[in-house]
Amino acid sequence: MRAISVTILLILAGCAAPPASQPTSPPPPPPTADAAGLTGIWAIKAIDNQPLEGAPATIAFAGDRVSGTTGCNRFNGSFQLAGDRLTIGALGTTRMACPPPLMQRETVLLARFAAPLAVSGGAAGTLTLTGTGGETVLLERQ
């Protein structure tokens, strides 16, 4: 009889509801390109205060996706925005060979996008992306 009583108690204990937890609010969604005024297509005008020469380069933001061209190859991927901090995820790129100056520009530009960037708005539809070491990419809205 004692064994049956212990078994019943164990069964009932297993059926007990867990303690009620405090309701929590879901975390707010991360800022989107639209919330920061990034949405749209931007011409890349300068890297480290050096104007781009040759083929145009662009970057476009939509939702949490980024795409564009370095002037040689196209790229696309995702990004996150936290306050004024832009983090671009790993980018997929095409792999065309281009003249050495465009390949060098592409290498520098993709390196800039691989590190966290501070976003600051400028006058007349411009944005500056600044790396932790002070490197910059100047964008102009298209």
| remark: Sorted by chain and number, sequence neighbours left out, side-chain contact (heavy atoms from CB on, under 4.5 Å) with Q50 holds for none

| Atom of R105, atom of A57 and distance for their closest heavy-atom approach | NH1-CB, 3.7 Å

| said: Can you pull out every disulfide (SG to SG under 2.5 Å) where at least one residue sits in residues 43-83? Sequence neighbours excluded, please. | reply: C72-C98

| message | In this structure, would V119 and I59 fall into the same cluster of hydrophobic residues linked by side-chain contacts under 4.5 Å? | response | yes

| query | Once you round to the nearest 0.5 Å, how far does OG1 of T70 lie from CD of E106? | reply | 3.5 Å

Below 3.5 Å, can you tabulate the donor-acceptor pairs from side chains in residues 132-139 to any protein atom, sequence neighbours excluded?
from: E135; atom 1: OE2; to: T132; atom 2: N; distance (Å): 3.4
from: E135; atom 1: OE2; to: G133; atom 2: N; distance (Å): 3.2

May I have the list of side-chain donor-acceptor pairs in residues 81-96 shorter than 3.5 Å, sequence neighbours left out?
from: T94; atom 1: OG1; to: N73; atom 2: OD1; distance (Å): 2.7
from: T94; atom 1: OG1; to: R74; atom 2: N; distance (Å): 3.0

| Where do R65 and S78 come nearest, in terms of heavy atoms and distance? | NH1-CB, 3.6 Å

| message | For the CD atom of E140 and the CG atom of L127, what is their distance to the nearest 0.5 Å? | response | 10.5 Å

| query | Just wondering, more than 12 heavy atoms not from Q104 lying within 6.0 Å of its CD? | reply | no

| query | Would you say I47 and W42 are hydrophobically clustered, going by side-chain heavy atoms of ILVMFWY under 4.5 Å? | reply | yes

| Which residue pairs satisfy the ring pair (Phe, Tyr, Trp, His ring centres under 6.0 Å) criterion with at least one member in residues 87-117, sequence neighbours excluded? | F75-F113

| Donor-acceptor pair, side chain of R141 and main chain of T126, under 3.5 angstrom | no

| task | Specify the closest pair of heavy atoms between G71 and A55, including all atoms of both residues, with the distance to one decimal. | result | O-CB, 3.3 Å

| task | Determine yes or no for a side-chain-to-main-chain donor-acceptor pair under 3.5 angstrom, with R112 supplying the side chain and G131 the backbone. | result | no

| message | Suppose we screen for side-chain contact (heavy atoms from CB on, under 4.5 Å). Which residues come up paired with T107, at least two apart in sequence or across chains? | response | none

| message | Please enumerate all residues that pass side-chain contact (heavy atoms from CB on, under 4.5 Å) together with P99, with sequence neighbours excluded. | response | P101, L102

